[in-house]
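Written out below as structure tokens is the structure these notes cover.
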Amino acid sequence: MKVRVHLFALYRERLGCGQVEVELPAVASVEALLQSLVETYPSLARLVPNTMVAVNQEYAGRSDALHEGDEVALIPPVSGGRL
Amino acid sequence: MKVRVHLFALYRERLGCGQVEVELPAVASVEALLQSLVETYPSLARLVPNTMVAVNQEYAGRSDALHEGDEVALIPPVSGGRL
Amino acid sequence: MILITHERLELEALTAQARGPSNGAVVTFLGTTRDRTEGRRVLYLEYEAYGPMVDNKLQEILGEIRERWGITDAVVAHRIGRLEVGEVSLVVAVAAPHRKEAFAACTYIVDRIKETVPIWKKEVFEDGHVWVGSEEAGVTTSDSGPDAGSG
Amino acid sequence: MILITHERLELEALTAQARGPSNGAVVTFLGTTRDRTEGRRVLYLEYEAYGPMVDNKLQEILGEIRERWGITDAVVAHRIGRLEVGEVSLVVAVAAPHRKEAFAACTYIVDRIKETVPIWKKEVFEDGHVWVGSEEAGVTTSDSGPDAGSG
């Protein structure tokens, strides 16, 4: 299946692009998507552990299943610690 | 001695006047001043228990001594309870 | 900065006084005059201040937030005289590098104003008026004796 | 009301949207862009938002304050795109009958925005830039890998 991945901020700059389409097996989790992205774009490897993922505009867990046509977004950390 | 007493809000309306001069014994406390005011203006009697008094623009206790030329102010309660 | 004025309080201009390039957060409080008190319709309001003491007390309060939070960028403006319903009677603006201190100091200033600053509000109704302590009190702190009515 | 815009945020107008005749208190928060981060001079800033999700999350947050405090008079406005140093990136305005709820709800909204709303800030220096999460963070949450520099 195909999912569309939106990229923002640092991620957008790293990949030079605001969204990419990723081809995944018919049954795949958020985690599987992230692994596939890191294979294609090794510069994401260090960032991914701190990344939140939104699926259809809701925060999702790593083990959540993805479905054909899902809108996925990689969310770099939103807020720093020092407030 | 003489002290000048400033009146605000409800007190000003009750006495019809923003300030009064009060003649007191040479040694007199805030409490003595209040008693003297209530004698002259009985309509203050019910209000005085909840009144704050400022002497020379600082809040004062009932037993504080007054001095010739002091600027006294009767401070109706500033704030209601329901916030 | 402290301002006691008969003029309309301009939020944007007052807040600009508190802002600075090293501050990331500005918290403001506006006290506004409400149209009803315990179901009675308010026609208009009048604020009266013990001017010199108001200045002293506000300076004290600004000294306290300097001491507690190191905050020097704060503005307190209170309007006095006649106000129409819905107008702004009080503006407090506090700027700080981070929001936590800005919220804490602004809350603190407003609390202290209500406690110690000698300003009174008269709410005028169709059939009389009451004096209350602060623009938020909503509670009649005056008694309702026979000579307290219709001003 | 929710507003995500490239235009300058007008505090007075936005606050007016939140005010109403039965509200005695309005608390606002302004996030402003600072001139330095950890001693480095900031030249300008750029904010980027995941638009549709920002809207959803802000609606959720306004639902939460309605639930918790019964407050319906609230405005959140976030500016995106390029901002100069000192400009306002975020305005939150909350009106309530009394000040306690207004302060609590405004603090709550700002906290929740920082936690959950996908908006990022780029601070541009003379010799590079960093992406940080929020206008107050001040901490570089990006790493500083070789391809992260000079945008």
Side-chain angles (χ1 to χ4, degrees), chain C residues 8-16 18-37 39 41-42 73 84-104 106-111 113-114 121 132 134-139, chain D residues 8-16 18-37 41-42 45 73 84-104 106-111 113-114 121 132 134-139:
Chain C
R8 191 170 171 278
L9 299 181
E10 302 288 348
L11 176 61
E12 193 105 36
L14 290 167
T15 303
R19 287 174 51 191
S22 61
N23 290 320
V26 186
V27 173
T28 76
F29 174 83
L30 281 79
T32 64
T33 53
R34 286 185 290 173
D35 60 348
R36 319 204 141 254
T37 291
R41 193 161 70 88
V42 176
D73 298 326
E84 304 306 316
V85 166
E87 290 195 298
V88 175
S89 54
L90 172 64
V91 171
V92 177
V94 177
H98 300 287
R99 74 178 186 279
K100 212 177 136 193
E101 299 88 327
F103 271 116
C106 188
T107 308
Y108 181 85
I109 292 173
V110 181
D111 286 346
I113 288 174
K114 308 286 176 185
K121 176 178 68 167
V132 291
S134 83
E135 73 281 350
E136 285 186 66
V139 170
Chain D
R8 189 171 173 277
L9 299 181
E10 303 288 348
L11 176 62
E12 192 104 36
L14 290 167
T15 303
R19 286 173 54 190
S22 60
N23 290 320
V26 187
V27 172
T28 77
F29 174 83
L30 280 80
T32 63
T33 52
R34 286 185 291 173
D35 60 349
R36 323 204 136 254
T37 291
R41 194 161 70 87
V42 176
L45 302 105
D73 298 328
E84 304 306 315
V85 165
E87 289 194 299
V88 176
S89 54
L90 172 64
V91 171
V92 177
V94 177
H98 300 287
R99 74 177 185 278
K100 213 178 136 192
E101 297 89 328
F103 271 116
C106 188
T107 308
Y108 181 85
I109 291 173
V110 180
D111 286 346
I113 288 174
K114 308 287 176 183
K121 176 178 68 170
V132 293
S134 82
E135 72 279 352
E136 285 185 65
V139 170

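All figures in this text were calculated on a predicted structure; none of them were measured in a lab.
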query = Looking at OG1 of Thr33(D) and CG of Asn23(C), how far apart are the two atoms once the value is rounded to the nearest 0.5 Å?
reply = 11.5 Å
query = Mind checking what makes salt bridge (charged side-chain N to carboxylate O under 4.0 Å, His left out) contact with Arg41(C), not counting sequence neighbours?
reply = Glu126(C)
query = Which bit of Glu84(C) is near chain D, if near means a heavy-atom gap under 4.5 Å: side chain, backbone, both or neither?
reply = neither
query = Would Thr15(C) and Glu12(D) count as a side-chain contact (heavy atoms from CB on, under 4.5 Å) if you check the C-alpha gap in whole Å, the side-chain angles of each, and the deciding distance to 0.1 Å?
reply = CA-CA 10 Å; Thr15(C) 303; Glu12(D) 192 104 36; over 6 Å; no
Options Val94(D), Val27(D), Val85(D), Thr107(D), ranked by heavy-atom pairs under 4.5 Å with chain C, top entry = Thr107(D)
query = In Å and rounded to the nearest 0.5 Å, what is the NZ to CG distance from Lys100(D) to Asp111(C)?
reply = 10.0 Å
ask   = Using a cut-off of under 4.5 Å for heavy-atom pairs, which of Val92(C), Leu30(C), Val42(C) has the most such pairs with chain D?
value = Leu30(C)
